[in-house]
> 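Attaching a single structure in structure tokens format; questions to follow.
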Amino acid sequence: MSYAQVIATLPDYIGKTVSINGWIANKRSSGKIIFLQIRDGSGFIQGVIVRDEAGEELFQNAETLTQESSVRVQGIVRKDERSKTGVELSVTALSVLQITHDYPITPKEHGVEFLMDHRHLWIRSSKQRAILKIRSEIIKAIRSFLDDHDFTQVDPPILTPSSCEGTTNLFHTKYFEEDAYLTQSGQLYMEAAAMALGRVYSFGPAFRAERSKTRRHLIEFWMIEPEMAFASHEDNLAVQEGLISYVVSHVLSNCSVELAALGRDTSKLEKVQAPFPRITYDEAISFLQANSFEINWGDDFGAPHETAIAKQYDRPVFVEKYPVGIKAFYMKPDPSRPEVALCADMLAPEGYGEIVGGSARIDDPELLLNRFREHQLSEEDYAWYLDLRKYGTVPHAGFGLGLERTVAWICGLEHVREPIPFPRLLYRLYP
RNA sequence: UCCUCGAUAGCUCAGCGGUAGAGCAUCCGGCUGUUAACCGGAGGGUCGUAGGUUCGAAUCCUACUCGGGGAGCCA
């Protein structure tokens, strides 16, 4: 021994003396024995101090420890069947960095408002740690899947001159003398990038200045937006189901400790394998009408509609070919049926709603120009976008994957405020 | 923006017209295997704010503030 170990690796050190750095998550003691729950970010271990074995000085020292006190601990790793990780630490030396007083988050229940006010401390708790760990693994899986499928990462701008889709409210700011807005989507820029690099993806934040107050909405969230030149609607769906099933299997094989900490039913995740079922918008409308929803062809789906559809399946489902009237201006109409678009939303199971939205993009210059005029978009502001159809236009398609909704679904969380470290919510900018 | 629910000890809540309560946390004491440890004791409150009704309001009424859930928007 001599250098500090990480708690997660301690099962490899049975019988050895190790030293660890960490915080006291909890302490239980009787007159002759003290149990310390020690965490270091990599995991948890129980430190045991028996008065007769450890000596009076160490015992008294350990007795002063409080929740979230910071410590360096030396001890012998022992196998113990009563431990969840199979090992315990018989503490032989203790060095206190700080005794913490009045840590606000106690090992009891707390309300949402209190926890959100203390988000900077809440992320230390085992469930929040597990969520952030899984978020990181999901990001890693997304990158490795896309990188292995010939995609190149391209970063679109965050400060933009105007709206990309024109439907949602944007955060306004000044760019010296000009007006500027925080991006709500990098998609149009990714279309330009796809014409330069073939297959591209962006990974960055998106901002929506909507007064949304639901468990599925964040003001600031992270999105992955792949875009592919020479790709069809079918190609687009194949990449999406390949990506999502890869991500889920990566989490299942790399995050078993975290999924267990969250109490996630992994049998539901194991069913998430491509191909995913596909239904058309028309079929979805018929299904909803047959189940006594009051909805007509041409209406968009609300959250209850999406949930009813998704509940029919044990894996994500694609709903494709929506009426062009309820979708974005750039979506390509189905040549055999121009009233519907070559688009699809992927609805996650268990009522988590839309996690992916994508489409084939209009590649015909005349048609795109017509759409600009119908939607009263500025041809001047978007001259660069129209240029993409002037200089070597090709069929292309892409999609946007909402990171927090995906993490919420895989972790089985109630709310998207938990899969992001410091959520920006309506009326909440602190901490 | 609209609908709906809520605000009482540091935290989670009970009390719903008649002297402000419990559990946890904190402090003191006890306990050799605890797992949200347990047992005994102590301190801790202008009942969100402002008005009103009443002999009397945490409790009933009105407005406001702050927060939860949902709708719309979407990832």
Side-chain angles (χ1 to χ4, degrees), chain A residues 25-37 44-54 59 63-64 66-68 78 80-85 88 90 100-118 122 125-126 164-170 184-187 203-225 240 299-307 326-328 345-348 352-358 399-409 414-417 419-420 425-428:
Chain A
N26 203 356
K27 181 187 78 179
R28 284 179 281 274
S29 68
S30 70
K32 300 281 175 12
I33 187 166
I34 298 172
F35 300 99
L36 302 173
Q37 308 301 325
F44 289 78
I45 191 163
Q46 174 159 276
V48 184
I49 303 167
V50 178
R51 188 179 219 153
D52 294 345
E53 297 167 10
F59 193 88
E63 197 67 284
T64 67
T66 56
Q67 194 190 352
E68 289 306 311
R78 277 195 302 98
D80 194 305
E81 285 169 9
R82 289 165 290 196
S83 159
K84 280 173 192 163
T85 54
E88 275 188 351
S90 289
T100 290
H101 296 287
D102 301 319
Y103 185 70
I105 302 180
T106 60
K108 281 282 172 180
E109 293 168 31
H110 298 284
V112 171
E113 187 182 2
F114 178 81
L115 289 170
M116 289 304 299
D117 283 341
H118 296 85
W122 188 22
S125 69
S126 61
C164 274
E165 299 186 22
T167 51
T168 55
N169 292 314
L170 305 183
Q184 62 158 333
S185 163
Q187 189 210 306
F203 177 50
F207 307 87
R208 307 255 164 112
E210 293 289 335
R211 296 185 188 278
S212 303
K213 211 170 151 61
T214 82
R215 68 183 71 186
R216 296 182 308 283
H217 290 87
L218 291 165
I219 306 298
E220 176 183 306
F221 64 99
W222 286 69
M223 207 159 41
I224 292 87
E225 295 182 281
Q240 291 173 40
D299 294 341
D300 205 354
F301 301 140
H305 304 121
E306 288 184 354
T307 303
I326 54 171
K327 285 293 176 181
D345 288 348
M346 187 196 293
L347 307 180
Y352 281 92
E354 184 184 347
I355 55 171
V356 179
F399 61 94
L401 166 66
L403 179 65
E404 287 77 14
R405 285 187 183 177
T406 303
V407 178
W409 159 54
E414 289 289 311
H415 204 296
V416 286
R417 67 181 156 230
I420 187 165
L425 297 162
L426 187 58
Y427 307 130
R428 177 172 288 282

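Chain letters run A, B, ... following the sequence lines, proteins first and then strands; every chain starts at 1. Everything numeric here is computed off the predicted structure, so don't read it as measured data. These numbers come from the heavy atoms of this one structure, side chains and all, not from hydrogens, waters or symmetry mates.
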> Side-chain donor or acceptor of A/Arg28 under 3.5 Å from a matching atom on the base of B/rC31?
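Looking at the base of B/rC31, it does not pair with any donor or acceptor on the side chain of A/Arg28 (distance under 3.5 Å).
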> Looking only at N and O atoms, is any donor in the side chain of A/His110 or the base of B/rC11 less than 3.5 Å from an acceptor on the other one?
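It does not, because no donor-acceptor pair links the side chain of A/His110 to the base of B/rC11 below 3.5 Å.
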> Separation of A/Lys32 atom NZ from B/rU34 atom P, in whole Å?
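Answer to the nearest Å: 16 Å.
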> Specify the separation, in whole Å, of atom CG of A/Asp102 and atom P of B/rG43.
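In whole Å, B/rG43 P lies 19 Å from A/Asp102 CG.
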> Judged by each residue's nearest nucleotide on RNA chain B, which is more toward the 5′ side, A/Trp222 or A/His305?
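Mapping each residue to its closest nucleotide by heavy atoms, the 5'-most match is A/His305.
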> For A/Phe35 and B/rG33, say yes or no: do the ring centres fall under 5.5 Å of each other while the ring planes differ by less than 30°?
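Stacking is absent between B/rG33 and A/Phe35, given that the ring centres and planes do not meet under 5.5 Å and under 30°.
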> For a quick check, tell me whether the side chain of A/Ser212 and the base of B/rC73 share a donor-acceptor pair closer than 3.5 Å.
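Yes.
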> Answer yes or no: does a side-chain N or O of A/Lys213 lie under 4.0 Å from OP1 or OP2 of B/rA71?
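Answer is no, no contact under 4.0 Å.
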> Tell which nucleotide pairs with B/rA22, taking only Watson-Crick or G-U wobble pairs whose two distances are both under 3.5 angstrom.
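The answer is B/rU12, by the H-bond criterion.
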> Record whether the side chain of A/Glu414 comes under 3.5 Å of the base of B/rG69 through a donor-acceptor pair of N or O atoms.
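It does not, because no donor-acceptor pair links the side chain of A/Glu414 to the base of B/rG69 below 3.5 Å.
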> Strictly by Watson-Crick or wobble contacts shorter than 3.5 Å, is anything paired with B/rC38, and which nucleotide is it?
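Pairing partner, where one exists within any strand: B/rG30.
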> Assign each of A/Gln67 and A/Gly31 to its nearest nucleotide of RNA chain B by heavy atoms, then name whichever residue's nucleotide is nearer the 5' end.
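Closer to the 5' end of RNA chain B: A/Gln67.
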